[in-house]
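Here is the structure we will look at.
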Amino acid sequence: MAYTYLGYLGTLIYSPDTREIAKADSVSVSPAQLLRWTTSDDSREPEWKRIPVECTMGERGVVLRGKFDRIRQIDSCGPEDPSFWVPLSSERKTTPFPIDLRRFPVFEVTYRCRTENVRPSYNVSYTTGQQVEWLPPRQEWTTAAHLLRNREFPNFIDQVTLRLYTVARSTEELEVESLRFRALTAAEREALAKAEKRIAAIKPPLSTPQFDSFMPIGVSMGARQAARMAELMEVPQRDYWRLAMEDIARSHHNAIWIEDAAELSHTEWTEILGLASSFGLRLVPEFNWDLARFRTEGPELVERFVHPHAESESVLAWSLRSEPGGAHFDALCQARSLFENADPRHPLVFLMREPNSFPLFAPHFAAAGISYFKSGVPWRLGEMVRAHQHICEDRQFWIQAPAFIYATSTPHWHTCPELRLMLNHAFCGGARGWFSYTYHNVPAWHEGPFKRSLTGPFLTFSDLWSELGHRIERFHGLASLLLHSRPNGGEWVPGVEMSVRRHSNSRVPEDVPPVYSAWLHGDDFALLYVVNNDASEVTGINIKIPATIPFGQEVYDMTDFVRYRNWHPMAHERHIEMFPGQGQVFMFAPPEVARRERNFVIERMVWNDRRQIGIDLGVARRYEVDITSSQELIKRTGLGDPMDDLRNAADARADLINMLGAHQALVTSRSALVQASAAICGCDGVLCRMFDQGRMDEAHENGRQVLPLARTLTELRLKLRRGHAASIQEQSHALAQSAIALLQELRTICPH
């Protein structure tokens, strides 16, 4: 029987000593125990729910059988993208769980695939995360071993779930003989000890001064998706990216993570960098190069794609590939050196879908992140952040959060309060960056991978996108405070009292407090971050701060400051009715420190105001709008008191909006296009509902009526931006009427 190491251990030992392995101290799960496990899984990842499943005894082990014949959505998943499965799960706190990984860090699965289309995997869960590993799809008996504990994390495993995936609509079978958690052998300990010495000698990542003052709050986009969408909309890629970047900047985001960046030509990439600079955006290109290929071609690839842009202010960082596994550790560290030599200003970073080998990688990269794509439990994001943030060793820790629905109809679309709650938990837990996944999509009813995204397939909008725009503007101001403080669990000011009134209709689970609070410490100030964990109801809180705070400190409500732009100390007793998912940040500092930090906040707010004004000025000049007043106000910023700068920037922004609002043709055409956009977005929603119902061909056919409208919308948006509002009024009105009529027609075909 074959014995295979997975992950990092597989790069250290090539010839397992199976006799020593068999002698290792261990805890096993037998076929009889497996047969008592449940064929259910995490309800927040429901792709398994509609698939008939059986669990029976086979020749040597338990046979997990899934009947995928009727799951039509499998046809929309590529051969390299298995998305539907049947599970076999242990129950928490039943023998032998929890497993102490300090004693038994290696996990073994002995199995075989009884049919040819099986894609086996397993999930091991701990309190604040999970590790996911794909097993080699072998039809001969195989034992696969994986080292679960890296850098003394995690300590315990609570649950194991075996998963049988497939990419075919057929009946598939996986047979599992046993599971085993075991101690390291002498050879494994020796190999790991040698590796630790080698790892300890790795130079720390290059210093990245920009991360001291810049907190990315952005979105993820796909270069391949953008190219397909530009083709569908029949516009040049440059125009498509321009519309997208203007929308992203108008919604106050400052960064874009770009997947499949290697598919962009040098000319396209240069244009995109120029556009990003004009909209005040920073980019993280992810190339997703094959690491085996990179071993030989890396120097040439880095020289071609990275070195020419080493001086670009629009690049924030580079990423070699998504979701690196433990087996990629050495290759990625070697690649880091190539990137640093080619571009010492912009570091190599990575994002992982699951925590997996995050503890192994994170200390060696200037920034690292984890995705969180579960729905319905937004407060769990905070638990994950708090558990993993310290692993980054004071470097930037980023979160990639869900704003999409796959063609599999998962995850469930989040509500706006859930999104607020995730944002607040991420930043109060110590995260220093956020990327919403994903900004746009090729529609599922047109053979795309996504059913829904932040803007839909036509750069329209969603409720989440509008909500993000409101929240991100405030986090721009708070960013300097969050960048220069750290969560450490200790009180900065003793004696702060907080009482909470839970709403009678609250649906917050009993094991989750209605309000979460955390202290974040700076060098000479502290933040008290309070979050309403209720995503559906208002929660009342009373805060009482001691009359005298040590060292002459005062308390300031920084959330109210970035919202209302009024500066004054906060009363020591206060009642707040916190709306669902709301977060509130209070700063404790001596007056002179508070003013210093306030000025950093003002600097970021004024920068963002000027960016918004810059976008509108481009439009105003094309329509010959009088911009004298706004320009005069902007010229005054930076000349006097920071609070005057803040007021002048806000007044300039409001004045320009009012002047644009007085241009009749611009307002009329823009309003009609907004109406058309909403209707087209609604059409996409109906087509996705058809897709959900298994009416794929019907959705695709009806989509042929939507695409021409979306193309016209894109064309008119570009004309509006170029100063042709007067000449497109009738066409914009006609488009809105046509889109509304089509939406009504589709709703009769596929009602709610």
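Note that the structure is a prediction, hence the values are computed from the model and not measured.
Atom OG of Ser499 and atom CD1 of Ile541 lie 8.5 Å apart (nearest 0.5 Å). Taken from CG in Leu527 to CG in Leu481, the straight-line distance is 5.5 Å, to the nearest 0.5 Å. Once rounded to the nearest 0.5 Å, the distance linking CZ of Phe279 with OG of Ser314 reads 11.5 Å. Atom CZ of Arg502 is separated from atom OG1 of Thr539 by 8.0 Å, given to the nearest 0.5 angstrom. From Met587, atom CE reaches atom CG of Leu528 across 12.5 Å, with rounding to the nearest 0.5 Å. Atoms CG and CD1, on Asp557 and Ile543 in that order, are 8.0 Å from each other to the nearest 0.5 Å.
Ring pair Tyr8/Phe361: centre-to-centre distance not below 6.0 Å.
The two residues Pro509 and Trp379 make their nearest non-hydrogen contact at CD-CZ2, 3.3 Å. Heavy atoms only, all atoms of each residue included: Gln389 and Pro487 are closest at OE1-CG, 4.1 Å. Between Asn150 and Pro359, the shortest heavy-atom contact is O-CB, 3.5 Å. Residues His476 and Ile217 come closest through the heavy atom pair N-CD1, 4.3 Å. Taking every heavy atom of both residues into account, Arg151 and Leu360 meet most closely at NH2-O, 3.8 Å. The minimum heavy-atom distance linking Val508 with Asn533 is given by the pair CG2-O, 3.7 Å.
A salt bridge does not link Asp651 to Arg636: none of the charged side-chain nitrogens sits closer than 4.0 Å to a carboxylate oxygen. Under a 4.0 Å N-O distance rule, the pair Arg595/Glu554 does not qualify as a salt bridge. One finds no salt bridge joining Arg149 and Asp100 here, because no Lys/Arg side-chain nitrogen approaches an Asp/Glu carboxylate oxygen to under 4.0 Å. Between Asp394 and Arg486 there is a salt bridge, since at least one side-chain N of the basic residue sits less than 4.0 Å from a carboxylate O of the acidic one. A salt bridge links Arg380 with Asp511; the closest basic N to acidic carboxylate O contact falls under 4.0 Å. With respect to the salt-bridge test (charged N to carboxylate O, under 4.0 angstrom), the residues Asp247 and Arg250 do not qualify.
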Worksheet item: What do the steps show when you test Thr637 against Asn648 for side-chain hydrogen bond (donor to acceptor under 3.5 Å, both in side chains), and what is the final call?
Response: CA-CA 7 Å; Thr637 60; Asn648 288 333; over 6 Å; no
Discussion item. One pair to check against side-chain contact (heavy atoms from CB on, under 4.5 Å): His390 and Phe397. What are the steps and the verdict?
Written reply: CA-CA 9 Å; His390 71 281; Phe397 178 45; over 6 Å; no
Discussion item. One pair to check against side-chain contact (heavy atoms from CB on, under 4.5 Å): Ile248 and Met221. What are the steps and the verdict?
Written reply: CA-CA 11 Å; Ile248 290 166; Met221 288 183 68; 3.8 Å; yes
Item to complete: With side-chain hydrogen bond (donor to acceptor under 3.5 Å, both in side chains) as the test, would you mind laying out the steps for Asp560 and Gln584 before giving the verdict?
Response: CA-CA 8 Å; Asp560 278 2; Gln584 206 78 9; 3.1 Å; yes
Practice prompt. Begin with the C-alpha distance, continue with both residues' side-chain angles, and end with the deciding distance and a verdict on side-chain contact (heavy atoms from CB on, under 4.5 Å) for Asp212 and Leu483.
Written response: CA-CA 7 Å; Asp212 293 333; Leu483 282 171; over 6 Å; no
Fill in: Evaluation steps, side-chain contact (heavy atoms from CB on, under 4.5 Å), between Phe329 and Ile199
CA-CA 10 Å; Phe329 176 72; Ile199 290 172; 3.7 Å; yes
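The shortest distance between side-chain heavy atoms of Arg432 and Leu482 does not fall below 4.5 Å. Side-chain contact between Lys374 and Gln130: present, with at least one pair of heavy atoms (C-beta onward) separated by less than 4.5 Å. The shortest side-chain heavy-atom distance between Val601 and Leu478 does not fall under the 4.5 Å cut-off. Within the 4.5 Å cutoff, side-chain heavy atoms of Ile256 are placed close to those of Met245. Looking only at side-chain heavy atoms (C-beta outward), Tyr437 and Glu259 come within less than 4.5 Å of each other. Put simply, the side chain of Trp567 does not reach to within 4.5 Å of the side chain of Leu646, judged on heavy atoms. Two residues are said to be in side-chain contact when any heavy atoms from C-beta on lie closer than 4.5 Å; Thr161 and Ser90 fail this criterion. Side-chain contact between Met558 and Arg474 is absent, with no heavy atoms from C-beta onward closer than 4.5 Å.
Under the ring pair (Phe, Tyr, Trp, His ring centres under 6.0 Å) test applied with Tyr126, the options Phe97, Phe153, Phe156 reduce to a single match, Phe153. Here the options are His253, His470, His252, the test is ring pair (Phe, Tyr, Trp, His ring centres under 6.0 Å), and the partner is Trp465; only His253 passes. Just one residue in the list Phe350, Phe435, Tyr439 forms a ring pair (Phe, Tyr, Trp, His ring centres under 6.0 Å) with Trp257, and that residue is Phe435.
Distance alone, capped at 3.5 Å, is enough to place a donor-acceptor pair between the Ser462 side chain and the Leu454 backbone. Side chain of Gln396 to main chain of Phe211: a donor-acceptor pair is present (N/O by atom type, distance under 3.5 Å, no hydrogens or angles). In this structure, the side chain of His328 engages the main chain of Gly325 through a donor-acceptor pair within 3.5 Å. Glu473 contributes no side-chain N or O that, together with a main-chain N or O of Asn608, makes up a donor-acceptor pair within less than 3.5 Å. With hydrogens and angles ignored, the 3.5 Å screen pairs no side-chain donor or acceptor of Ser453 with any backbone N or O of Phe404. Put simply, the side chain of Glu152 never gets that close to the backbone of Arg102: no donor and acceptor are under 3.5 Å apart. In this structure, Arg353 contributes its side chain and Val132 its backbone to no donor-acceptor pair below 3.5 Å.
Take Arg596 and apply the side-chain hydrogen bond (donor to acceptor under 3.5 Å, both in side chains) test, not counting sequence neighbours, and it matches Asp524.
Environment of CG in Asn505: crowded, with over 12 heavy atoms of neighbouring residues, nucleotides or ligands closer than 6.0 Å. For Glu592, the CD atom is densely surrounded, since the number of other residues' heavy atoms within 6.0 Å is greater than 12. Atom CD of Glu91 is surrounded by 12 or fewer heavy atoms from other residues, nucleotides or ligands within 6.0 Å.
Among pairs with a residue in residues 511-540, those fulfilling ring pair (Phe, Tyr, Trp, His ring centres under 6.0 Å) read His425-Tyr516, Trp492-His521, Trp519-Phe588, at least two apart in sequence or across chains.
A cation-pi contact, defined as under 6.0 Å to the ring centre and within 45° of the axis, is absent between Arg610 and Trp607. Cation-pi check for Arg598 over Phe561 is not met; the charged atom does not lie both under 6.0 angstrom from the ring centroid and within 45 degrees of its normal.
Taking the six-membered ring where tryptophan is involved, the planes of His146 and Tyr122 are tilted, since the angle between them lies from 30° to 60°.
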Result block: side-chain N/O donor-acceptor pairs under 3.5 angstrom for residues 317-324, not counting sequence neighbours:
residue, atom, partner, partner atom, Å
Trp318, NE1, Asp343, OD2, 2.8
Ser319, OG, Val349, O, 3.2

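Gln131 and Glu133 form no side-chain donor-acceptor contact under 3.5 Å, judged by distance and modelled atom types alone.
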